[in-house]
Protein chains: 2
Amino acid sequence: MKKSPAPQPVNLLDVARAAGVSRATASLVVRGSPLIAPPTRERVLEAMKQLGYIYNRGAANLRQSRTHTIGLVLSNIANPFFSELTAGVDDVNDANDVVCFIANSVESPERQARQIQRLREHNVDGVIICPAIGSNDTLLEDLQRLSLPYVQVLRHVPYGSGDYVAADYASGIEKAVRHLVETGRQKIMFVGGMSVHSAAVARLDGFHRAMALHQLPDDMVVAGKWGNTYDEVELDRLLLGSNPPDSAICYNDIMALALMSHLQRRGYTLGDDFAVIGMDDLPQAAAAYPPLTTIATNPRMIGQAAATLLQKRLEAPDRPTERIILPANLVIRASSETRTS
Amino acid sequence: MKKSPAPQPVNLLDVARAAGVSRATASLVVRGSPLIAPPTRERVLEAMKQLGYIYNRGAANLRQSRTHTIGLVLSNIANPFFSELTAGVDDVNDANDVVCFIANSVESPERQARQIQRLREHNVDGVIICPAIGSNDTLLEDLQRLSLPYVQVLRHVPYGSGDYVAADYASGIEKAVRHLVETGRQKIMFVGGMSVHSAAVARLDGFHRAMALHQLPDDMVVAGKWGNTYDEVELDRLLLGSNPPDSAICYNDIMALALMSHLQRRGYTLGDDFAVIGMDDLPQAAAAYPPLTTIATNPRMIGQAAATLLQKRLEAPDRPTERIILPANLVIRASSETRTS
DNA sequence: CTGTTAGCGCTTTCAC
DNA sequence: GTGAAAGCGCTAACAG
């Protein structure tokens, strides 16, 4: 194998000299300026290839206001929902020639603050952030202090302002309730009730609102816990009670899948004895047995929208704040089929 | 709300002046050098806080050889397996004060090449990469040409050299086969046979090897397809054939879950009529019904090991190449319980 | 269209 | 311990 010939870094000036032009000319060529005559451009490009030139954006960044770099700060990377979202962000970044730092706050506001600081020191142009549980005004103050443009996704801090992208949880849940009612269910419970962040509140509120709309009792709520689990004791109490539920809407697909497993272990036939509806429409929802009816929140689309919105904000810092609420549609599958009885 | 007072960036010189010291002194303070007298340090720190100083690593990077930045190039971010791995990488990065760019090649060598080039231009210190299907020597040549230290994870390019971290697929599968044999299964099929990349080859090879070891026929292999699906026609052909399988080992958990759903739809009782074993031990494996027996490949640990190995490589570029193969243990759950008959 | 010049904010000798 | 000065690789302003 041939040894790499010259670890000596070659810079724009070297390229310029090799091509017999000035450094400024070479600079314009790298950036594809139309001001350069084609033959000159060719000569420079050739020299670049010859010398194995690598554009040093770090140096360019020192002179420019933009680095073509953003940060993505998530509350829990390991959650499949967020990986879909990340993929969406990456899609639009790849198209825009921007590159993305990833950071996992693991629901810790302290770690989150540290990571934001770090990203700022690396001069990211802006961040897309799903605030960790417990984030408050301090987060926004930090961002403001660091003059870091941001877009919140999925959740927003209390009283928070600024750009925001999420799914329409409430109307999704309303659709789910309507579907259950239309297929003969009346005793609907909500599994995964929490109020730890805005998205959780929105879902639970949506449930209460929808049940009220249909004049159904909304008192069957099983508390959710960190890590996408729920209170099993409470669930069993309801299941074995005098007026047990005949269906459930879950905080998300992961809890719904766990619930299905739980119910099947207890002998329920899903879709018949009991209807289960999840939320998010992760790939695994369709692959479950029985396939899971779910409210599609389109994480990938949310990621794309957020990345696009952040770019718009960077191009026009003074544009009015935008709050994008993407529709959440019900995807009907076997887990909520019309009961046979 | 108070407007942010001074969007004017404050730099080290400003801090130095405010603290009544020279810029060099201030520089040493930011980096926590022990050469500075505590009282001086305090004064500078105070000035920094007062002025809202933000360390500009971009500028520092121009002078130093390291940027404290790495790239993580994955073949498919949306796969939950990779999000676990990413979380592992993030864990050690957070501890080492390095920040991580993420890039999704979506199994496209071209996109992958583009992203690596981009990362290089941003001066990452190195990359962790799971090569896209179809990657060949060109990838390693590119990395070498860009003098970009790298660690391959999970897969490696053909004839590839260099640092590498993966799980011991073969021995994991051997354990799975032994477990099946010990619980009375003889007719074992492999679902998701592919040879598109080294990890796929390793798993399939492992299956053949293990079956030979137990002197069992190894001809029942259902081909896998892109996107974690398999050839359903072929599967049904085997299932309905004259000598049908009584158990299956799958390429990964996602396929295993799909297979379970498939079998349940056809009336099989899993763990009894038929045993299913997956691979990876994703969180959803434990939550499935019945809970899925699986070969744990510890994606998170792989991520941690890769990030750690990359740091070691950066600190000692000439250290010998390391190939870390993490153990893969069998996690036994109900989907492969001893048959009752 | 091309060349010259002056920095961006930091680190790093090397004197003091 | 501290300060002065040079320079990392690039862009931008302006003169030709």
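Every chain is numbered from 1 and lettered A, B, ... according to where its sequence line falls, protein lines coming before strand lines.
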Distance below 4.0 Å between A:Thr25 side-chain N/O and C:dC1 OP1 or OP2: no

Starting at CE of B:Met48 and ending at P of C:dC10, how long is that distance when rounded to a whole Å? 10 Å

Can you tell me how the ring of A:Phe101 sits relative to the ring of A:His122, calling it parallel under 30°, perpendicular over 60° and tilted otherwise? tilted

Whether the side chain of A:Ser83 engages the backbone of B:Asn79 through a donor-acceptor N/O pair (distance < 3.5 Å, no angle test) should be reported. no

Hey, which sits more toward the 5' end of DNA chain D by its nearest nucleotide, A:Gln64 or B:Ala37? B:Ala37

How large an angle, rounded to 10°, do the end axes of the helix from C:dC1-D:dG16 to C:dC16-D:dG1 enclose when each is built from five base pairs? 30°

In this structure, how many angstroms lie between the P atom of C:dC8 and the CG atom of B:Asn61, rounded? 18 Å

Hey, are the side chains of B:Gln152 and B:Ile128 touching, using non-hydrogen atoms and a 4.5 Å cut-off? no

Kindly indicate whether the side chain of B:Val106, heavy atoms from C-beta on, has any atom under 4.5 Å from the side chain of B:Asn76. no

Nearest of C:dT11, C:dG3, C:dC10 to any side-chain atom of B:Arg31? C:dT11

Protein-nucleotide distance (A:Leu35, atom CG; D:dC14, atom P), rounded to Å: 16 Å

First locate atom CG of A:Leu146, then atom CD1 of B:Ile54, and finally report the distance between them rounded to the nearest 0.5 Å. 5.0 Å

Quick check on C:dC10: is either OP1 or OP2 less than 4.0 Å from any side-chain nitrogen or oxygen of B:Ser27? no

Any donor and acceptor pair, going by atom type alone, linking the side chain of A:Arg43 with main-chain N or O of A:Pro38 inside 3.5 Å? no

When the distance from CZ of A:Arg66 to C1' of C:dC8 is rounded to whole Å, what number comes out? 18 Å

Go through it in stages, so that I can follow the logic: the residues are A:Ser27 and A:Arg23, the test is side-chain hydrogen bond (donor to acceptor under 3.5 Å, both in side chains), and I'd like the CA-CA distance, side-chain angles, deciding distance and then a yes or no. CA-CA 6 Å; A:Ser27 174; A:Arg23 184 170 39 183; over 6 Å; no

Give B:Leu28 one of three labels, base, sugar-phosphate or nothing, depending on what nucleic acid heavy atoms sit under 4.0 Å from its own. nothing

Give the rounded distance in Å between these two atoms: CD1 of B:Ile36 and C1' of C:dT11. 13 Å

Less than 4.0 angstrom between a side-chain N/O of B:Ser22 and OP1 or OP2 of D:dA4, yes or no? no

For A:Leu13 and C:dG7, what is the distance between atoms CG and C1' respectively, to the nearest whole Å? 16 Å

Which part of the nucleic acid, if any, lies within reach of B:Val30 when heavy atoms closer than 4.0 Å are counted: base, sugar-phosphate only, or nothing? nothing

Short heteroatom pairs, N/O only, protein and nucleotides 5-8 of chain D, under 3.5 Å:
unit_1, atom_1, unit_2, atom_2, d
D:dG7, N2, B:Arg63, NE, 2.9
D:dG7, N3, B:Arg63, NH1, 3.4

Would you indicate, yes or no, if C:dT2 has its OP1 or OP2 atom less than 4.0 angstrom from a side-chain nitrogen or oxygen of A:Thr40? yes

What is the distance, to the nearest angstrom, from the CZ atom on B:Arg57 to the C1' atom on C:dC10? 13 Å

For a 4.5 angstrom cut-off between non-hydrogen side-chain atoms, does B:Leu148 reach B:Val124? yes

Between A:Val151 and A:Ile129, is there a side-chain heavy-atom distance shorter than 4.5 Å? no

What integer distance in Å separates A:Leu12:CG from C:dC8:C1'? 16 Å

Can any side-chain N or O of A:Gln112 pair as donor or acceptor with the backbone N or O of A:Glu107 at less than 3.5 Å? no

